Amino acid sequence: MVKMKRNRWRTAGLFLVAGALAASPLKMGSDVKMAGADGDYAGLTAQVNDILQDESLEGALAGVSIRKADSGERIYDHFGDIRLKPASNMKLFTLAAALETLGEDHRFSTEIHTDGKLNGKMLQGNLYLKGKGDPTLLEEDFERFAKELKAQGIHKVKGDLIGDDSWFDDERLSEDMTWKNEVYYVGAQVSALTASPNTDYDAGSIIVEANAGIAAGEAVKVSLTPETDYMTITNKAQTVAAGEPKTLRITRDHGTNEIIVEGNIPEQGTRTREWIAVDEPSGYALSLFEKALGNEGIELIGNSETKMGITPEGSDTLLDHQSMTLAELSIPFMKLSNNGHGEALAKQMGRVVNGDGSWESGLEVMEATAEKLGVDTSTIHLRDASGMSHVNLIPANEISQLLAGAQDAPWFATFLDSLPVAGASERLVGGTLRYRMKGTAAEGSVQAKTGSLSSVSSLAGYATTRDGERLIFAIILNNDLTNVTPVENAIAEAIAGYRAE
């Protein structure tokens with residue numbers, strides 16, 4: 001329920017009408033016609049103005065932009081030109097740029113090379129695992145690699161096992177990643193050679209599960225998915241009597257791969273799972289490949305080492321694994337707001353377009369694509385591709401413009417399909433909106449990207465009104481101290497429920 005301020009109502013309301021409809025968006029010479037009190041969207045204007053009186057926005061900044069989808073004309077603007085932190089609305093820019101420059105059918109490669117020769121059942125030479133940015137590699141993929149190598153006749157390797165992550169640069173974290181986030185999957189390190197623990201494709205992370213022991217006083221049972229000795233576990237947690245509070249905490253010691261489990265779980269208490277980011281995910285992927293080779297009976301013999309290196313020019317390609325397409329990846333990326341996918345795509349764009357797998361190069365591609373879609377890039381500031389940075393700055397009007405411009409692109413159907421659908425209960429349809437706006441006009445009508453950081457919330461996408469008209473909206477709320485998603489919901493519901501009088 002959106003709560004309205006009871007004090008200073010008349011003054012605040014008059015200020016908002018003036019700010020929303022006149023002063024903020026209009027520039028000298030502009031041909032944009034705003035919806036005034038007697039405009040075609042007067043009823044919607046009044047509803048959104050009322051919603052923005054919500055007491056949770058006291059002291060906060062709200063940027064709201066609404067456009068007609070068929071023409072791109074702005075019909076509502078409340079501080080739409082003010083630069084605000086977009087949170088995961090940044091991913092709209094990332095996916096649009098990736099679809100435009102890489103293409104819907106783009107696939108990531110992972111290659112296995114050798115600089116040696118097969119002599120009987122022995123490969124005499126090094127084996128190279130070369131990553132090219134794929135964030136979707138699972139343990140089962142490494143197992144399949146091992147089986148295919150054995151099918152080629154390789155039973156022993158007299159040489160080193162070498163991981164090659166040189167497709168991207170060696171910057172693992174975007175420059176504004178906080179120390180608190182970098183130990184969890186939301187802040188996982190980015191590498192051209194990495195692995196995921198599940199089919200959400202949370203690249204560069206591992207799932208840690210803790211369960212109570214059989215009786216009080218026993219150590220908590222801890223397991224990893226996938227199982228690997230690349231991580232170590234320090235288990236300080238205890239099982240306590242039923243009814244006692246659960247205080248379990250799972251984290252990782254900074255700069256190491258030591259997982260710390262501490263606190264208590266009561267007898268027969270519920271399990272605790274945490275997605276922990278791995279330090280140096282290239283080594284993590286290489287360790288899973290080494291394990292798979294061993295399980296398949298492929299031995300590394302002699303004085304062989306497992307290490308990182310560079311695949312030599314002229315080496316022979318033994319395997320070339322292709323990932324799912326970008327169109328397919330866009331579903332977990334956007335529906336589940338996967339930060340790692342955004343950063344991997346940025347570096348992939350930089351590498352493919354500019355020959356440089358870095359954030360700087362990838363962000364240049366993103367900005368160029370945004371400009372192509374009509375965004376005024378002189379008023380935006382991009383620092384990462386996931387939206388985790390508090391230094392990203394984008395006005396609501398430029399987000400709505402990106403969404404308007406995207407409609408004319410040949411990849412728009414894929415872009416639209418990737419967005420969470422309000423109230424849709426299926427996880428990979430509703431995504432981050434599956435529990436929001438159920439039972440309202442927005443359910444099934446609103447397709448939008450969510451965003452959330454400390455003191456930042458956003459929602460931007462498309463909504464179909466009761467008249468069957470598609471509208472585009474962008475809502476960015478900054479400097480809030482409480483939960484402001486009801487404000488976003490209310491605006492989206494007002495748009496979806498709007499019918500011209």
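None of these values were measured; they are calculated from a predicted model.
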Test item: side-chain donor near acceptor, Gln322 and Ser109, under 3.5 Å
yes
Do we see a donor-acceptor contact under 3.5 Å between the side chains of Ser337 and Ser88?
yes
Please tell me if the side chains of Leu52 and Asp54 come closer than 4.5 Å, counting only heavy atoms from C-beta onward.
no
Could you check Glu175 against Arg383 for salt bridge (Lys or Arg N to Asp or Glu O under 4.0 Å), going step by step and ending with a plain yes or no?
CA-CA 8 Å; Glu175 59 184 315; Arg383 287 274 285 215; 3.4 Å; yes
How many angstroms lie between atom OG1 of Thr379 and atom CG of Leu393, to the nearest 0.5 angstrom?
9.0 Å
Is there a donor-acceptor contact under 3.5 Å from the side chain of Ser361 to the main chain of Gly357?
no
Do the charged groups of Glu488 and Arg436 touch, with an N to O distance under 4.0 Å?
yes
Residue pair Arg67, Ser400: steps toward the side-chain hydrogen bond (donor to acceptor under 3.5 Å, both in side chains) verdict
CA-CA 7 Å; Arg67 295 177 186 265; Ser400 67; 2.7 Å; yes
Under 3.5 Å donor-acceptor, Gln189 side chain and Glu280 backbone
yes
Do Ser282 and Asp165 have a side chain donor and acceptor closer than 3.5 Å?
yes
Is there side-chain contact between Leu300 and Glu290, with at least one heavy-atom pair below 4.5 Å?
yes
Tell me whether Lys347 forms a cation-pi arrangement with Trp359, defined as NZ or CZ under 6.0 Å from the six-membered ring centre and within 45 degrees of its axis.
yes
Close side-chain approach of Thr199 to Leu138, heavy-atom, < 4.5 Å:
yes
Ignoring hydrogens and geometry, is there a side-chain-to-backbone donor-acceptor pair from Ser386 to Met388 under 3.5 Å?
yes
Classify the side-chain pair Lys449/Thr432 by whether it contains a donor and acceptor separated by less than 3.5 Å.
no
Would you say Asn483's side chain and Thr485's backbone share a donor-acceptor pair under 3.5 angstrom?
yes
Decide whether Asn338 and Asp202 meet the rule of one side-chain donor and one side-chain acceptor closer than 3.5 Å.
yes
Hey, mind stepping through Asp356 and Arg351 against salt bridge (Lys or Arg N to Asp or Glu O under 4.0 Å) and telling me if it holds?
CA-CA 4 Å; Asp356 176 18; Arg351 176 72 195 214; over 6 Å; no
Hey, could you give me the CG/CG distance between Leu127 and Leu129, rounded to the nearest 0.5 Å?
8.0 Å
Side chain to side chain, Glu111 and Lys132, heavy atoms closer than 4.5 Å:
yes
ring-ring contact (aromatic ring centres under 6.0 Å, His included) partners for Trp411, two or more places apart
Phe415
Within the side chain of Thr247, is there an N or O that forms a donor-acceptor pair under 3.5 Å with the backbone of Gly263?
no
On a heavy-atom basis, which atom in Phe473 and which in Ala448 lie closest, and how many Å separate them?
CZ-CB, 3.8 Å
Around Lys372, counting heavy atoms of other residues, nucleotides and ligands shown, do more than 12 lie under 6.0 Å from its NZ?
no
Side-chain donor-acceptor pair under 3.5 Å between Ser455 and Asp480, yes or no?
no
With a 4.5 Å limit on heavy-atom distance, are the side chains of Leu453 and Lys85 in contact?
no
Is there a side-chain contact between Pro332 and His341, using heavy atoms and a 4.5 Å cut-off?
yes
Quick one: are Lys91 and Asn339 in side-chain contact, heavy atoms under 4.5 Å?
yes
Euclidean distance, Ile265 CD1 relative to Leu248 CG, rounded to 0.5 Å
4.5 Å
Return the CG to OG distance between Asn181 and Ser454, rounded to the nearest 0.5 Å.
9.5 Å
I'd like to know if the side chain of Tyr128 and the backbone of Ser315 have a donor-acceptor N/O pair within less than 3.5 Å.
no
Quick check: does any side chain N or O of Lys335 sit under 3.5 Å from a backbone N or O of Leu419, one acting as donor and the other as acceptor?
yes
Min side-chain heavy-atom separation Ile162-Met308 under 4.5 Å
no
Point-to-point distance, once rounded to the nearest 0.5 Å, from CE of Met349 to OG of Ser358:
11.5 Å
Given 3.5 Å as the limit, does a donor-acceptor pair link the side chain of Arg74 with the main chain of Gly80, or not?
no
Looking just at side-chain N and O atoms, do Ser174 and Asp176 make a donor-acceptor pair shorter than 3.5 Å?
no
Give a yes-or-no answer on whether the side chains of Ser330 and Ser418 include a donor-acceptor pair shorter than 3.5 Å.
no
Using a 6.0 Å cut-off, check whether atom CZ of Arg144 has over 12 heavy atoms from anything other than its own residue.
yes
Could you go through Tyr76 and Asn49, starting from their C-alpha distance and side-chain angles, then the distance that decides it, and tell me whether this counts as side-chain hydrogen bond (donor to acceptor under 3.5 Å, both in side chains)?
CA-CA 10 Å; Tyr76 183 90; Asn49 283 338; 2.6 Å; yes
I'd like to know whether Glu139 forms a salt bridge (Lys or Arg N to Asp or Glu O under 4.0 Å) with Lys291, so could you lay out the CA-CA distance, the side-chain angles of the two residues, the decisive distance to 0.1 Å, and finally the verdict.
CA-CA 10 Å; Glu139 184 176 29; Lys291 175 186 171 184; 3.0 Å; yes
State, without any angle test, whether Thr228 and Ser287 hold a side-chain donor-acceptor pair at a distance under 3.5 Å.
yes
Checking side-chain hydrogen bond (donor to acceptor under 3.5 Å, both in side chains) for the pair Glu104/Thr414: CA distance, chi angles, key distance, verdict?
CA-CA 8 Å; Glu104 296 170 271; Thr414 294; 2.4 Å; yes
So, for Ile472 and Ala69, which heavy atoms are closest and what is the spacing to 0.1 Å?
CD1-CA, 3.8 Å
Would you indicate whether Lys236, at its atom NZ, is surrounded by more than 12 heavy atoms from other residues, nucleotides or ligands within a distance under 6.0 Å?
no
Are Phe289 and Tyr284 close enough that their ring centers fall under 6.0 Å?
no
Examine distances only and state if a side-chain atom of Arg83 and a backbone atom of Ile394 form a donor-acceptor pair shorter than 3.5 Å.
no
Identify which one of Phe145, Phe142, Phe108 satisfies the ring-ring contact (aromatic ring centres under 6.0 Å, His included) criterion when paired with His321.
Phe145
If we ignore hydrogens and angles and just use 3.5 Å, is the side chain of Gln407 paired with the main-chain N or O of Ala404 as donor and acceptor?
yes
I'd like to know if Glu274 pairs up with Arg252 as an ion pair, taking the criterion as any Lys NZ or Arg NE/NH1/NH2 lying under 4.0 Å from an Asp or Glu carboxylate oxygen.
no
Do the side-chain N and O atoms of Ser304 and Asp160 include a donor-acceptor pair separated by under 3.5 angstrom?
no
Thr136 vs Asp134, test: side-chain hydrogen bond (donor to acceptor under 3.5 Å, both in side chains). Steps then yes/no.
CA-CA 6 Å; Thr136 71; Asp134 188 357; 2.6 Å; yes
Checking Thr234 against Glu258: is there a side-chain donor and acceptor pair closer than 3.5 Å?
yes
From CG (Leu402) to CG (Asn397), nearest 0.5 Å:
12.5 Å
